[in-house]
> 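Handing you this structure, nothing more for now.
Being a predicted model, the structure only gives us computed values, none of them experimental. Ligands are counted one by one from 1 in listed order, and the atoms in each one are counted from 1 as well. Keep in mind that the numbers below use all heavy atoms, side chains included, and drop hydrogens, waters and symmetry copies. Residue numbers count from 1 along this sequence.
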Amino acid sequence: MVYYCGTPVGTIAANDPTDGHPLNYDQVFIRDFIPSAIAFLLKGETDIVRNFLLHTLQLQSWEKTVDCYNPGQGLMPASFKVRTVPLEGDPANGTEEVLDPDFGEAAIGRVAPVDSGLWWIILLRAYGKSTGDYTLQERVDVQTGMKMILKLCLADGFDMFPTLLVTDGSCMIDRRMGIHGHPLEIQALFYSALRCAREMLISEDSALDLIRTLTSRLSALSFHIREYYWVDMGKLNEIYRYKTEEYSHEAVNKFNIYPDHLSPWLVDWIPNKGGYLVGNLQPAHMDFRFFSLGNLWAIVSSLATPEQAEGILDLIEARWVDFVGNMPMKICYPALQGEEWRIITGSDPKNTPWSYHNGGSWPTLLWQLTVACIKMGRPEMAERAIEVAEKRISRDRWPEYYDTRAARFVGKQARLYQTWSIAGYLVAKMLLDKPDAVKILTCEEDLALLEAMSCSLDANPRIKRKRKLKSTRIIV
Ligand code: GLC
């Protein structure tokens, strides 16, 4: 537990007594604290979550500098710690505690913590729903903080798509793994945060424009992801037979994906039943890797259609050994190997095949898996995964991650007593006991958003409604 001026404000990332070099694992990471926060909410110990939300809110408006450059207002730090400093620079005057955030200026690789602000909004809504105390989210400073995060995300750029354009390493995978562009994890958290913010923003005159922008972005984002990121047996067969170089508004192969780009491993691996959202989409490039957090959060937030959400769980069930193996759950599948590993990771020795971010297994993902399974009425799947974890996680001293294809070894450089491994397990167990509580995190299918999407497609004579029947069925 980390205290600031006598009150708890968060938990450190890992507390391994045998580790003399904790690097930055002695800090409160925003993303790592989320499962702890949910556990505290479920236990009714809500003050720490309130403190965390308010203190991180202050950090957001700090002046930040990375090598003379000032990143945008509204950016939330990846992590922070509490430092004790001499008053007015002189120890004779006594000491005071200060919060010391890291916005990426000290992080390995100087990565941008894009997910932090999105998680902050998601947690703010969970706090309100769980405590029934909506005064926190209604406070002027909290409303302003939320708007600052949203403005940063919704700012115009060179984007052609409603997805958020980010650099590599801007989320849980916080180092080079070839996920720059429009990675699924960020899109799922973005969608989720927009849905949560729409519920919480007070609709006064000054917020109306923002609410309008946010609502139309939600429609466009869900259309884009549902339509272009989804793959299953049928869609892969379509890609396999794609025509290319189509210049027109009517193009079927809009991103000019060449059939040869279809990953060979996928052809045998994709089950007849089930599918998933691909990791990323760019011109002539679909990253076919399966990223767990993005897919699970697409279920939780209803970014995926109900059918797609079922399909993702069907796929996890059908490929259980690949996803769960000896420890839930693989962060992405499959691992990058050989030349691909060398070029894409920059020869990263921590991200060798089936290790760490490159196909390693992270126990913390158990909680997101559990929320998704409960939401879809399939809690027994989460129970099975928890049973697998229980066989060794405590005996192994709560590692940060596991290595090898079937998650048989404790990760080569894994920290022990990793807080979110413990909290993830606890939240999974608590939610199975109180399945109704997942509602503090989930969003249901929003028919108004679907309708808005359908109307804007119909109003545009240049858009060919290839799948008209399918969309109509969803709306009905
Ligand atoms: C690693 C993880 C990151 C996490 C941090 C602290 O860098 O990739 O997601 O926040 O460790 O645990």
> Got a list of side-chain donor-acceptor pairs under 3.5 Å for residues 169-178, not counting sequence neighbours?
from, atom 1, to, atom 2, distance (Å)
S170, OG, T167, O, 3.1
R175, NE, D348, OD2, 2.8
R175, NH2, D348, OD1, 3.1
R175, NH2, D348, OD2, 3.2
R176, NE, I344, O, 2.9

> I'd like to know if E445 pairs up with R226 as an ion pair, taking the criterion as any Lys NZ or Arg NE/NH1/NH2 lying under 4.0 Å from an Asp or Glu carboxylate oxygen.
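Salt bridge flag = yes for R226 with E445.
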> Hey, could you give me each pair passing salt bridge (Lys or Arg N to Asp or Glu O under 4.0 Å) that has a residue in residues 50-68? Not counting sequence neighbours.
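Every salt bridge (Lys or Arg N to Asp or Glu O under 4.0 Å) pair that includes a residue of residues 50-68, provided the two are not neighbours, is R50-D133.
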> Test salt bridge (Lys or Arg N to Asp or Glu O under 4.0 Å) on D19 and R415; report intermediate values, then the result.
CA-CA 8 Å; D19 186 359; R415 293 297 192 289; 2.6 Å; yes
> Give the protein residues with at least one non-hydrogen atom closer than 4.0 Å to an atom of ligand 1, ordered by chain and number.
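The 4.0 Å shell around ligand 1 contains A13, Y25, F29, R31, D32, M172, D174, Y356, H357, W362, E400, Q418, W420.
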> Does the side chain of L57 come within less than 4.5 Å of L53's, by heavy atoms?
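No - every pair of side-chain heavy atoms lies 4.5 Å or more apart.
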> Listed by chain and number, what are the ring pair (Phe, Tyr, Trp, His ring centres under 6.0 Å) partners of H285, not counting sequence neighbours?
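For H285 the ring pair (Phe, Tyr, Trp, His ring centres under 6.0 Å) partners, ignoring immediate neighbours, are H261.
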